[in-house]
Amino acid sequence: MAQLAPRRIAVLTSGGDAQGMNAAVRAVVRAGIAFGAEVYGIRDGYQGAVDGGEGIVPLSWESVGGIQHRGGTVIGTARCRAFRERAGRRQAALHLAERGIDRLVVIGGDGSLTGADQLAQEWPGLLDELVADGSLDRETAAAHPRLSIAGVVGSIDNDMVGTDMTIGADSALHRIIEAVDAISSTAASHQRTFVVEVMGRRCGYLALTAAIAGGCDFALIPEAPPEVGWQDEMCESLRRARSLGRRDSIILVAEGACDRSGAPITADDVRRELQERLGEQARVTILGHVQRGGTPSAFDRSMATMMGYDAASALLSARPEDGPQLIGIHRNRVRRTPLMRSVADNRAIATMLDSGRYDQALAARGDSYAELFGLLRALSHPSPDQASKPARIAIMHDGGLAPGMNAAVRAAVRLGHDRGHVMLGVQDGFAGLSSGGVRELSLADVEGWSGLGGADLGTRRFDVADEHLYAVARTIEDHRIDALILIGGFAGYEKLYRLYRERTRYPALGIPMVCVPATIDNNVPGSELAIGADTALNTIVDSIDRIKQSAMAANRCFVIETMGRRCGYLTLLAALSAGAEQAYLPEEGIELDQLMADIERMRTRFRSDRSLFVTLRTEGADDRYSTETVSRIFAAEGQGLFDVRSVVLGHVQQGGNPSPFDRVLAARLASGAIEAVCRALESGSHEAVMIGLVDGQLRRTPMRQMSDLVDWDARRPVDQWWLGLRTVARTLAEPPN
Ligand code: ADP
């Protein structure tokens, strides 16, 4: 029987670099190899393909080990003029075809993806020409009749239709928020105004989300040029913030910001306006290339990994009729769409912007984008309304700390005030609710909370016993609480659910109630993501990076324990983002056979040239096999080939200031909570709901469904969307035999 020709994939990164590209390259290479293909790396974008020779090199499983934490791209990126010409593409086709490569993953922006599509379209014609002039033999050309393409968008601007996020955008947001936080502390000391310019020529995503996350006063973005007279509105925003006791003011300007006539508005224009109108000496900071730099965030690594894995999988199952595919993320899941449709949709937005059709451009960016835009307006331009019937809305936490709790309270207080309601804070969760620990919260009270870690309202573990129910009902009556918002984790959900079910016995509990998910464990029903989990994940991934570095010189196995109770979310996502050989999850438990199989893997690895084996274990993975026990078993069976260290990451995971994503999530969910409460109050219902992200969108789930959605023994949701990622983590952790 004729031997099957090996399937060969090549991967390249092109155009501007973006943090997270390395994770994508690693995933393409390892998934490609795992699926039985040979994988090549093309150096410096299309240039390597045009040059051939050392520009196209085979990549092994090991060659892409330990690169996820590195910024930029290890295979290089470039802008290649020659590839824009047909002659250049012909050279590229020759160098690919003669190596038997007919599947290509392109990681880059819309220019790079357009180039890929063009090459795919011209491929048969180019190969005919190469055969005709004798550069390529007929058999080789016949063996590769078409070029399959999978495109992955790497661009810090998040400027591509067809994917909710592009690789690099989240990391760029981290850099921006680090800068905004730093600027905000110096600005506060001197009571100064800063104008910060961020990247985004055609897309204001970075400016918009950074303004929400940074609690900024004003943002100028390309898709929503301000109305005539924006200068007055901006100055009014600043005055109002100052009157609330705010000492620093920050205005964010996307580099592509313009006015309604299309004339650019630069950071310096904004500075001048402030000087003329307010007599203020504002300072300008242009962030520039720091936004592309630094370590990729946990999200950029896990998302790029998912996309890279799917790109390899798409190419190996490609059918002739498929055409080039864009591998994107839609509502937390990988999604494939026709590449050129996305590129065309993107171009259409550019045309809308050029011709002043801004509303269309804003709408074309998608629902989430419009929602963020509305949210920034609501948060930064409070225009207190007199509600026809002002209500008293109480906010409280419960359980473990989650970074971003303060941000959620701030947003809820602002948005609630905006609707004319009185906002109340309950001190120390259910302890405060049963002892009358309730006070009014003014806008000034929560100023500056958007980036603040911890939970200033206080949160603690407190068991609500039968005798507390009466006390809780009394507090609700005494403080005339009309609605209750809980921002917390599983235990808080459980307690609020109990209050909800006790309504018949205690009529005072018959008020609208809302649960907002805030727990690093990410184990509550009604939401795919909880506030705090992203921050914790970044902390974990950063710790794993450091632990890996510390072990450079020794043959060492690490058993790293993460939080999460009986939910393996943090563990699995950390394994995807930081790279780990094994992740022990509560959803699967631990079996001795598994540990023995892992020991065998370690022995094989350490006998060859490997010096490190990282395993992660959720704290509640299995009661029989604690982190200490697992470590001892590994050490006992190591046969002197390696030593073992166990690391319990502990409470650092709940600490720190919230990540940009968690700050934005907190604001989104808080706005959903206020919306739910206001709806219920207006309609006179006592609706109790859980607010969350479902399929990536804000949703209300009735609290009465809680029992159906929860596994009460394991204290986690019955359905956990992320469990599907186990296959990806496993495939990338172990080379095939
Ligand atoms: P990005 O991919 O980040 O949008 P560019 O637009 O600069 O960056 O494109 C990167 C490279 O992709 C270019 O230098 C060129 O090699 C290739 N490329 C871009 N546009 C085209 C095109 N229309 N046809 C062929 N190749 C292109």
Side-chain angles (χ1 to χ4, degrees), residues 10-22 24-25 41-52 55-56 71-73 75-96 104-123 125-126 147 149-163 165-169 171-172 199-203 205-206 222 255-256 288-289 291-293 300 304 307-308 311 323-328 339-351 353-354:
V11 53
L12 63 83
T13 50
S14 166
D17 63 322
Q19 309 97 321
M21 282 179 160
N22 285 328
V25 170
I42 299 180
R43 291 201 171 122
D44 298 327
Y46 291 112
Q47 193 65 51
V50 172
D51 294 347
I56 306 176
T73 157
I75 53 175
T77 179
R79 298 206 151 83
C80 171
R81 197 183 292 258
F83 191 78
R84 288 180 180 274
E85 309 298 326
R86 196 166 194 282
R89 293 192 290 276
R90 206 172 89 137
Q91 282 308 101
L94 170 64
H95 295 138
L96 293 175
L104 182 62
V105 180
V106 174
I107 306 168
D110 90 350
S112 306
L113 301 179
T114 306
D117 182 71
Q118 190 137 12
L119 182 64
Q121 288 193 24
E122 292 170 353
W123 180 268
L126 292 173
L147 178 70
I149 300 280
V152 175
V153 192
S155 160
I156 67 164
D157 294 349
N158 201 25
D159 53 353
M160 188 76 178
V161 181
T163 184
M165 283 292 273
T166 58
I167 295 176
S171 304
M199 285 188 172
R201 260 172 294 159
R202 294 272 186 202
C203 179
Y205 176 85
L206 290 177
E255 60 181 336
H289 277 77
Q291 294 165 86
R292 284 192 192 286
D300 269 326
M307 289 170 163
Q325 299 285 304
L326 180 85
I327 312 298
L339 180 83
M340 282 324 280
R341 196 172 77 201
S342 291
V343 171
D345 289 349
N346 232 35
R347 299 264 154 93
I349 294 183
T351 312
L353 291 174
D354 290 340

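Counting starts at 1 for both ligands and their atoms, in listed order. In this text, all values refer to a predicted model and were calculated from it rather than measured experimentally.
With sequence neighbours excluded, no residue forms a salt bridge (charged side-chain N to carboxylate O under 4.0 Å, His left out) with Arg43. Applying the side chain to side chain donor-acceptor pair (under 3.5 Å) rule to Arg341 yields no partners; only residues at least two apart in sequence or on another chain are considered. When the salt bridge (charged side-chain N to carboxylate O under 4.0 Å, His left out) test is applied to Asp110, the partners found at least two apart in sequence or on another chain are Arg347.
Contact record, Cys80 with Gln47: SG-OE1, 3.3 Å, taken as the closest heavy-atom pair.
Not a single donor-acceptor pair under 3.5 Å links the side chain of Asp345 to the backbone N or O of Val161.
Enumerated by chain and number, the residues approaching ligand 1 to less than 4.0 Å through a heavy atom are Ser14, Gly15, Gly16, Tyr46, Arg79, Cys80, Phe83, Arg84, Arg89, Gly109, Asp110, Gly111, Ser112, Thr114, Gly115, Gln118.
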Exercise. Carefully, step by step, assess Asp157 and Arg202 under the rule side-chain contact (heavy atoms from CB on, under 4.5 Å).
Key: CA-CA 8 Å; Asp157 294 349; Arg202 294 272 186 202; over 6 Å; no
